[in-house]
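Labels below follow one simple rule: chain letters A, B, ... track the order of the sequence lines, proteins then strands, and each chain is numbered from 1. Just so it is clear, the structure is predicted and the values come from calculations on it, not from any experiment. The basis for the numbers below is simple: all heavy atoms, side chains too, and nothing from hydrogens, waters or symmetry mates.
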2 protein chains.
Amino acid sequence: MSRSQSSQALEAAERLCQERGERLTPIRKRVLELVLGWDGPVKAYDLLEALNPEAGTAKPPTVYRALDFLMGLGLVHKVEALNAFVGCTHSHDEGGAELFICSDCGTVEERHGSATPTNAPEGFKIDRSVIEHFGHCRNCTH
Amino acid sequence: MSRSQSSQALEAAERLCQERGERLTPIRKRVLELVLGWDGPVKAYDLLEALNPEAGTAKPPTVYRALDFLMGLGLVHKVEALNAFVGCTHSHDEGGAELFICSDCGTVEERHGSATPTNAPEGFKIDRSVIEHFGHCRNCTH
DNA sequence: TCGCCAGTGTTACTAAATAACGTATCGGAA
DNA sequence: TTCCGATACGTTATTTAGTAACACTGGCGA
(Lines give C-alpha, C1' and ligand atoms only; values in the text may rest on other atoms or scores of the structure.)
Protein backbone atom coordinates (compact mmCIF):
# COMPACT_ATOMS: atom_id res chain seq x y z
CA MET A 1 0.00 0.00 0.00
CA SER A 2 1.31 3.43 -0.92
CA ARG A 3 2.30 5.95 1.70
CA SER A 4 -0.48 8.36 0.80
CA GLN A 5 -3.14 5.68 0.89
CA SER A 6 -1.79 4.58 4.21
CA SER A 7 -1.89 8.01 5.79
CA GLN A 8 -5.33 8.62 4.40
CA ALA A 9 -6.49 5.40 5.97
CA LEU A 10 -5.00 6.48 9.28
CA GLU A 11 -6.86 9.75 9.16
CA ALA A 12 -10.04 7.90 8.30
CA ALA A 13 -9.43 5.66 11.29
CA GLU A 14 -9.06 8.67 13.59
CA ARG A 15 -12.32 10.07 12.30
CA LEU A 16 -14.13 6.76 12.57
CA CYS A 17 -13.06 6.32 16.18
CA GLN A 18 -14.15 9.84 17.01
CA GLU A 19 -17.59 9.16 15.55
CA ARG A 20 -18.03 5.94 17.44
CA GLY A 21 -16.56 7.02 20.72
CA GLU A 22 -13.76 4.46 20.40
CA ARG A 23 -10.17 5.13 21.27
CA LEU A 24 -7.40 4.67 18.74
CA THR A 25 -4.74 4.06 21.35
CA PRO A 26 -1.03 4.09 20.48
CA ILE A 27 -0.86 0.31 20.20
CA ARG A 28 -3.91 0.11 17.98
CA LYS A 29 -2.64 2.91 15.82
CA ARG A 30 0.78 1.35 15.53
CA VAL A 31 -0.69 -2.02 14.55
CA LEU A 32 -2.86 -0.35 11.95
CA GLU A 33 0.16 1.50 10.58
CA LEU A 34 2.08 -1.75 10.35
CA VAL A 35 -0.73 -3.60 8.62
CA LEU A 36 -1.30 -0.76 6.17
CA GLY A 37 2.38 -0.42 5.47
CA TRP A 38 3.01 -4.12 5.05
CA ASP A 39 3.70 -5.59 1.67
CA GLY A 40 0.74 -7.94 1.32
CA PRO A 41 -1.10 -9.89 3.99
CA VAL A 42 0.70 -9.95 7.33
CA LYS A 43 0.75 -12.67 9.96
CA ALA A 44 -0.08 -11.83 13.55
CA TYR A 45 3.25 -13.09 14.78
CA ASP A 46 5.13 -11.02 12.22
CA LEU A 47 3.31 -7.99 13.54
CA LEU A 48 4.34 -9.07 17.00
CA GLU A 49 7.97 -9.22 15.95
CA ALA A 50 7.73 -5.86 14.22
CA LEU A 51 6.14 -4.42 17.31
CA ASN A 52 8.71 -5.67 19.75
CA PRO A 53 11.85 -3.72 18.94
CA GLU A 54 9.87 -0.64 19.90
CA ALA A 55 7.35 -1.84 22.45
CA GLY A 56 9.69 -4.37 23.94
CA THR A 57 7.32 -6.77 25.57
CA ALA A 58 4.36 -7.28 23.27
CA LYS A 59 2.81 -10.71 23.53
CA PRO A 60 0.22 -12.47 21.36
CA PRO A 61 -2.87 -11.08 23.13
CA THR A 62 -1.60 -7.55 22.55
CA VAL A 63 -1.60 -7.87 18.81
CA TYR A 64 -4.73 -10.01 18.60
CA ARG A 65 -6.65 -7.51 20.68
CA ALA A 66 -5.56 -4.67 18.46
CA LEU A 67 -6.46 -6.65 15.35
CA ASP A 68 -9.88 -7.54 16.75
CA PHE A 69 -10.53 -3.90 17.48
CA LEU A 70 -9.47 -2.82 14.01
CA MET A 71 -11.50 -5.55 12.36
CA GLY A 72 -14.51 -4.44 14.34
CA LEU A 73 -14.13 -1.04 12.75
CA GLY A 74 -13.64 -2.57 9.33
CA LEU A 75 -10.15 -1.11 9.05
CA VAL A 76 -8.51 -4.50 8.79
CA HIS A 77 -9.69 -7.72 7.20
CA LYS A 78 -8.57 -11.22 7.98
CA VAL A 79 -7.60 -13.46 5.12
CA GLU A 80 -8.95 -16.68 6.52
CA ALA A 81 -7.21 -18.98 4.11
CA LEU A 82 -3.84 -17.50 5.05
CA ASN A 83 -4.31 -16.73 8.71
CA ALA A 84 -3.17 -13.26 7.82
CA PHE A 85 -4.45 -9.72 7.86
CA VAL A 86 -4.76 -6.91 5.35
CA GLY A 87 -5.43 -3.25 5.74
CA CYS A 88 -8.52 -1.73 4.24
CA THR A 89 -8.71 1.71 2.70
CA HIS A 90 -12.34 1.50 1.65
CA SER A 91 -15.01 3.23 3.60
CA HIS A 92 -17.52 0.46 3.78
CA ASP A 93 -20.27 0.73 6.31
CA GLU A 94 -21.45 -2.82 6.19
CA GLY A 95 -21.02 -5.98 4.24
CA GLY A 96 -18.02 -8.13 3.71
CA ALA A 97 -15.17 -7.55 1.38
CA GLU A 98 -14.29 -9.72 -1.55
CA LEU A 99 -10.55 -10.21 -1.72
CA PHE A 100 -8.40 -10.92 -4.75
CA ILE A 101 -5.01 -12.12 -3.62
CA CYS A 102 -2.10 -12.52 -5.99
CA SER A 103 -0.11 -15.62 -5.13
CA ASP A 104 2.95 -14.19 -6.84
CA CYS A 105 3.38 -10.68 -5.53
CA GLY A 106 1.08 -10.91 -2.55
CA THR A 107 -0.92 -7.82 -3.30
CA VAL A 108 -4.54 -7.84 -2.27
CA GLU A 109 -7.30 -6.06 -4.14
CA GLU A 110 -10.52 -5.48 -2.36
CA ARG A 111 -13.94 -5.30 -3.96
CA HIS A 112 -17.41 -5.12 -2.59
CA GLY A 113 -19.65 -7.39 -4.53
CA SER A 114 -23.29 -8.24 -4.37
CA ALA A 115 -24.04 -9.29 -0.85
CA THR A 116 -26.46 -12.05 -1.73
CA PRO A 117 -25.35 -14.91 -3.91
CA THR A 118 -27.90 -16.09 -6.41
CA ASN A 119 -27.80 -19.70 -5.39
CA ALA A 120 -28.17 -19.69 -1.64
CA PRO A 121 -30.21 -22.50 -0.13
CA GLU A 122 -33.80 -21.46 0.31
CA GLY A 123 -34.39 -19.69 3.57
CA PHE A 124 -30.73 -19.30 4.42
CA LYS A 125 -30.03 -15.95 6.07
CA ILE A 126 -26.44 -14.82 5.65
CA ASP A 127 -24.70 -12.98 8.48
CA ARG A 128 -21.17 -12.90 7.22
CA SER A 129 -19.43 -14.01 4.07
CA VAL A 130 -15.82 -14.94 3.51
CA ILE A 131 -14.87 -14.52 -0.13
CA GLU A 132 -11.23 -14.91 -1.08
CA HIS A 133 -9.96 -15.40 -4.61
CA PHE A 134 -6.42 -16.61 -5.12
CA GLY A 135 -4.67 -16.26 -8.43
CA HIS A 136 -2.44 -13.94 -10.35
CA CYS A 137 -2.90 -10.24 -10.74
CA ARG A 138 -2.55 -8.37 -13.95
CA ASN A 139 1.10 -7.54 -13.42
CA CYS A 140 2.08 -11.09 -12.60
CA THR A 141 0.38 -12.82 -15.52
CA HIS A 142 2.74 -11.15 -18.02
CA MET B 1 -25.11 -36.14 6.77
CA SER B 2 -27.50 -39.05 6.45
CA ARG B 3 -26.33 -42.62 6.42
CA SER B 4 -27.39 -43.21 2.83
CA GLN B 5 -25.65 -40.09 1.58
CA SER B 6 -22.58 -41.11 3.47
CA SER B 7 -22.41 -44.60 2.01
CA GLN B 8 -23.11 -43.26 -1.45
CA ALA B 9 -20.22 -40.87 -1.03
CA LEU B 10 -17.99 -43.73 0.06
CA GLU B 11 -18.87 -45.71 -3.02
CA ALA B 12 -18.21 -42.65 -5.16
CA ALA B 13 -14.84 -42.32 -3.48
CA GLU B 14 -13.98 -45.93 -4.29
CA ARG B 15 -14.89 -45.35 -7.91
CA LEU B 16 -12.99 -42.09 -8.12
CA CYS B 17 -9.83 -43.67 -6.74
CA GLN B 18 -10.14 -46.54 -9.18
CA GLU B 19 -10.39 -44.09 -12.07
CA ARG B 20 -7.40 -42.12 -10.99
CA GLY B 21 -5.20 -44.97 -9.92
CA GLU B 22 -5.20 -43.73 -6.34
CA ARG B 23 -5.53 -45.96 -3.32
CA LEU B 24 -8.27 -45.47 -0.78
CA THR B 25 -6.32 -47.07 2.04
CA PRO B 26 -7.98 -48.05 5.34
CA ILE B 27 -6.84 -44.88 7.07
CA ARG B 28 -8.05 -42.65 4.27
CA LYS B 29 -11.33 -44.48 4.10
CA ARG B 30 -11.80 -44.28 7.83
CA VAL B 31 -11.10 -40.54 7.88
CA LEU B 32 -13.55 -40.03 5.05
CA GLU B 33 -16.17 -42.04 6.92
CA LEU B 34 -15.64 -39.95 10.01
CA VAL B 35 -15.85 -36.66 8.14
CA LEU B 36 -18.96 -37.73 6.28
CA GLY B 37 -20.58 -39.05 9.41
CA TRP B 38 -19.73 -36.03 11.53
CA ASP B 39 -22.39 -33.60 12.56
CA GLY B 40 -21.16 -30.44 10.87
CA PRO B 41 -17.59 -29.33 10.19
CA VAL B 42 -14.99 -31.35 12.04
CA LYS B 43 -11.64 -30.25 13.41
CA ALA B 44 -8.52 -32.19 12.53
CA TYR B 45 -7.72 -32.88 16.17
CA ASP B 46 -11.22 -34.15 16.81
CA LEU B 47 -10.74 -36.60 13.98
CA LEU B 48 -7.49 -37.58 15.57
CA GLU B 49 -9.23 -38.28 18.83
CA ALA B 50 -11.95 -40.25 17.11
CA LEU B 51 -9.34 -42.21 15.25
CA ASN B 52 -7.30 -43.14 18.27
CA PRO B 53 -9.47 -45.54 20.21
CA GLU B 54 -9.27 -47.77 17.18
CA ALA B 55 -5.96 -46.99 15.55
CA GLY B 56 -4.24 -46.41 18.84
CA THR B 57 -1.33 -44.27 17.83
CA ALA B 58 -2.53 -41.79 15.23
CA LYS B 59 -0.66 -38.51 15.30
CA PRO B 60 -1.32 -35.21 13.55
CA PRO B 61 0.47 -36.02 10.29
CA THR B 62 -1.67 -39.13 9.91
CA VAL B 63 -4.92 -37.24 9.81
CA TYR B 64 -3.56 -34.26 7.87
CA ARG B 65 -2.15 -36.55 5.21
CA ALA B 66 -5.46 -38.30 4.85
CA LEU B 67 -7.31 -35.00 4.68
CA ASP B 68 -4.93 -33.65 2.06
CA PHE B 69 -5.46 -36.71 -0.04
CA LEU B 70 -9.23 -36.50 0.25
CA MET B 71 -9.22 -32.78 -0.52
CA GLY B 72 -7.14 -33.49 -3.60
CA LEU B 73 -9.92 -35.74 -4.79
CA GLY B 74 -12.55 -33.18 -3.90
CA LEU B 75 -14.16 -35.51 -1.40
CA VAL B 76 -13.53 -33.18 1.50
CA HIS B 77 -13.48 -29.41 1.71
CA LYS B 78 -11.78 -27.26 4.25
CA VAL B 79 -13.77 -24.53 5.91
CA GLU B 80 -11.02 -21.97 6.13
CA ALA B 81 -12.77 -19.66 8.54
CA LEU B 82 -13.23 -22.50 11.02
CA ASN B 83 -10.10 -24.52 10.47
CA ALA B 84 -12.43 -27.45 9.99
CA PHE B 85 -13.39 -29.93 7.33
CA VAL B 86 -16.61 -31.07 5.71
CA GLY B 87 -17.45 -34.04 3.56
CA CYS B 88 -18.63 -33.52 0.04
CA THR B 89 -21.24 -35.63 -1.68
CA HIS B 90 -21.24 -33.72 -4.92
CA SER B 91 -19.50 -35.01 -7.96
CA HIS B 92 -17.74 -31.89 -9.05
CA ASP B 93 -14.90 -32.22 -11.48
CA GLU B 94 -13.43 -28.81 -11.02
CA GLY B 95 -14.13 -25.47 -9.44
CA GLY B 96 -14.52 -24.58 -5.85
CA ALA B 97 -17.51 -25.09 -3.68
CA GLU B 98 -19.58 -22.37 -2.14
CA LEU B 99 -20.43 -23.23 1.43
CA PHE B 100 -23.42 -22.12 3.48
CA ILE B 101 -22.75 -22.83 7.12
CA CYS B 102 -25.44 -22.55 9.76
CA SER B 103 -24.00 -21.07 12.93
CA ASP B 104 -26.80 -22.65 14.97
CA CYS B 105 -27.01 -26.28 13.94
CA GLY B 106 -23.67 -26.53 12.17
CA THR B 107 -25.00 -28.03 8.98
CA VAL B 108 -23.21 -27.12 5.81
CA GLU B 109 -24.88 -26.80 2.44
CA GLU B 110 -22.72 -26.89 -0.62
CA ARG B 111 -23.44 -25.11 -3.88
CA HIS B 112 -21.47 -24.59 -6.99
CA GLY B 113 -21.92 -21.08 -8.19
CA SER B 114 -20.64 -19.16 -11.13
CA ALA B 115 -16.88 -19.47 -11.16
CA THR B 116 -16.14 -15.92 -12.18
CA PRO B 117 -17.26 -13.03 -10.02
CA THR B 118 -18.51 -10.07 -11.93
CA ASN B 119 -16.26 -7.55 -10.30
CA ALA B 120 -12.79 -9.04 -10.41
CA PRO B 121 -9.92 -6.61 -10.94
CA GLU B 122 -9.03 -6.35 -14.59
CA GLY B 123 -6.60 -9.00 -15.68
CA PHE B 124 -6.84 -11.02 -12.49
CA LYS B 125 -6.75 -14.74 -13.19
CA ILE B 126 -8.38 -16.80 -10.46
CA ASP B 127 -6.90 -20.16 -9.51
CA ARG B 128 -8.90 -20.97 -6.45
CA SER B 129 -11.74 -19.32 -4.58
CA VAL B 130 -12.76 -19.63 -0.97
CA ILE B 131 -16.41 -18.77 -0.52
CA GLU B 132 -17.99 -19.35 2.87
CA HIS B 133 -21.28 -17.90 4.01
CA PHE B 134 -22.15 -17.97 7.69
CA GLY B 135 -25.66 -17.49 8.91
CA HIS B 136 -28.79 -19.38 9.78
CA CYS B 137 -30.37 -22.13 7.76
CA ARG B 138 -34.05 -22.41 7.07
CA ASN B 139 -34.72 -24.67 10.04
CA CYS B 140 -32.93 -22.42 12.50
CA THR B 141 -34.53 -19.12 11.52
CA HIS B 142 -37.96 -20.29 12.72
C1' DT C 1 16.33 -60.65 -6.04
C1' DC C 2 17.04 -56.01 -5.99
C1' DG C 3 15.66 -51.43 -5.61
C1' DC C 4 12.27 -48.07 -5.85
C1' DC C 5 8.34 -45.71 -4.03
C1' DA C 6 3.96 -44.66 -1.96
C1' DG C 7 2.10 -44.88 2.47
C1' DT C 8 2.58 -44.78 7.23
C1' DG C 9 4.92 -44.30 12.00
C1' DT C 10 7.31 -41.26 14.91
C1' DT C 11 9.61 -37.35 17.03
C1' DA C 12 9.92 -32.86 17.39
C1' DC C 13 8.87 -28.48 16.36
C1' DT C 14 6.70 -24.13 14.61
C1' DA C 15 2.68 -21.32 14.17
C1' DA C 16 -1.89 -19.56 15.60
C1' DA C 17 -4.97 -18.28 19.01
C1' DT C 18 -7.09 -17.82 23.49
C1' DA C 19 -8.04 -18.27 28.69
C1' DA C 20 -7.46 -16.32 32.86
C1' DC C 21 -6.04 -13.02 35.85
C1' DG C 22 -3.47 -8.94 37.41
C1' DT C 23 -2.59 -3.89 36.79
C1' DA C 24 -3.13 0.85 35.29
C1' DT C 25 -5.72 4.72 33.86
C1' DC C 26 -9.51 7.74 33.29
C1' DG C 27 -14.00 9.78 33.68
C1' DG C 28 -18.11 10.25 36.19
C1' DA C 29 -20.94 9.80 40.51
C1' DA C 30 -21.22 10.28 45.48
C1' DT D 1 -11.97 14.74 46.77
C1' DT D 2 -12.65 9.99 46.93
C1' DC D 3 -14.44 6.07 45.21
C1' DC D 4 -16.14 3.29 41.59
C1' DG D 5 -16.61 0.96 37.34
C1' DA D 6 -15.14 0.40 32.73
C1' DT D 7 -11.72 -0.05 29.33
C1' DA D 8 -7.24 -1.14 27.87
C1' DC D 9 -3.09 -3.33 28.53
C1' DG D 10 0.47 -6.67 30.80
C1' DT D 11 1.58 -11.32 31.79
C1' DT D 12 1.59 -16.31 32.27
C1' DA D 13 0.19 -20.34 30.60
C1' DT D 14 -2.20 -23.34 27.72
C1' DT D 15 -4.66 -25.01 23.85
C1' DT D 16 -5.19 -25.70 19.03
C1' DA D 17 -3.34 -26.09 14.26
C1' DG D 18 -0.11 -27.60 11.14
C1' DT D 19 4.47 -29.17 9.32
C1' DA D 20 9.44 -30.78 8.89
C1' DA D 21 12.28 -34.48 8.86
C1' DC D 22 13.46 -39.01 9.00
C1' DA D 23 12.71 -44.06 9.68
C1' DC D 24 10.28 -48.15 8.31
C1' DT D 25 7.55 -51.33 5.57
C1' DG D 26 5.40 -53.85 2.01
C1' DG D 27 4.26 -54.21 -2.75
C1' DC D 28 5.58 -54.12 -7.44
C1' DG D 29 8.21 -53.83 -11.54
C1' DA D 30 12.99 -54.50 -13.69
J.: If each of K59(B) and F69(B) is mapped to the nucleotide of DNA chain C with the nearest heavy atom, which maps nearer the 5' terminus, i.e. the 5' end?
T.: F69(B)
J.: Is there side-chain contact between V76(A) and K78(A), with heavy atoms separated by less than 4.5 Å?
T.: no
J.: Does CD in Q18(B) sit with more than 12 non-hydrogen atoms of other residues, nucleotides or ligands closer than 6.0 Å?
T.: no
J.: Measure from the side-chain N and O atoms of D104(B) to the backbone N and O of H136(B), and report whether any donor-acceptor pair falls under 3.5 Å.
T.: no
J.: With distance as the sole test, does E132(B) use its side chain to make a donor-acceptor pair with the main-chain N or O of F100(B) at under 3.5 Å?
T.: no
J.: Is it true that R28(A) and E14(A) make a salt bridge, defined as a side-chain N closer than 4.0 Å to a carboxylate O?
T.: no
J.: For R65(B), answer base if it contacts any base atom (sugar-phosphate contacts may also be present), sugar-phosphate if it contacts only those atoms, and nothing otherwise; contact means non-hydrogen atoms under 4.0 Å.
T.: base
J.: Run the side-chain donor-acceptor check on residues 39-46 of chain A: report pairs under 3.5 Å with partners two or more places apart or on a different chain.
T.:
from, atom 1, to, atom 2, distance (Å)
K43(A), NZ, L82(A), O, 2.9

J.: Does anyone know the first and last nucleotide of DNA chain C in reach of chain B, 5' to 3', at under 4.0 angstrom to a heavy atom?
T.: dG7(C) to dT11(C)
J.: Given side chains that start at C-beta, do those of K29(B) and L10(B) come closer than 4.5 Å, heavy atoms only?
T.: yes
J.: Shoot me the first and last contacting nucleotide of DNA chain D against chain B, ordered 5' to 3', at under 4.0 angstrom to non-hydrogen atoms.
T.: dA17(D) to dA20(D)
J.: May I ask you to say whether E22(B) pairs ionically with R15(B), meaning some side-chain N is under 4.0 Å from a carboxylate O?
T.: no
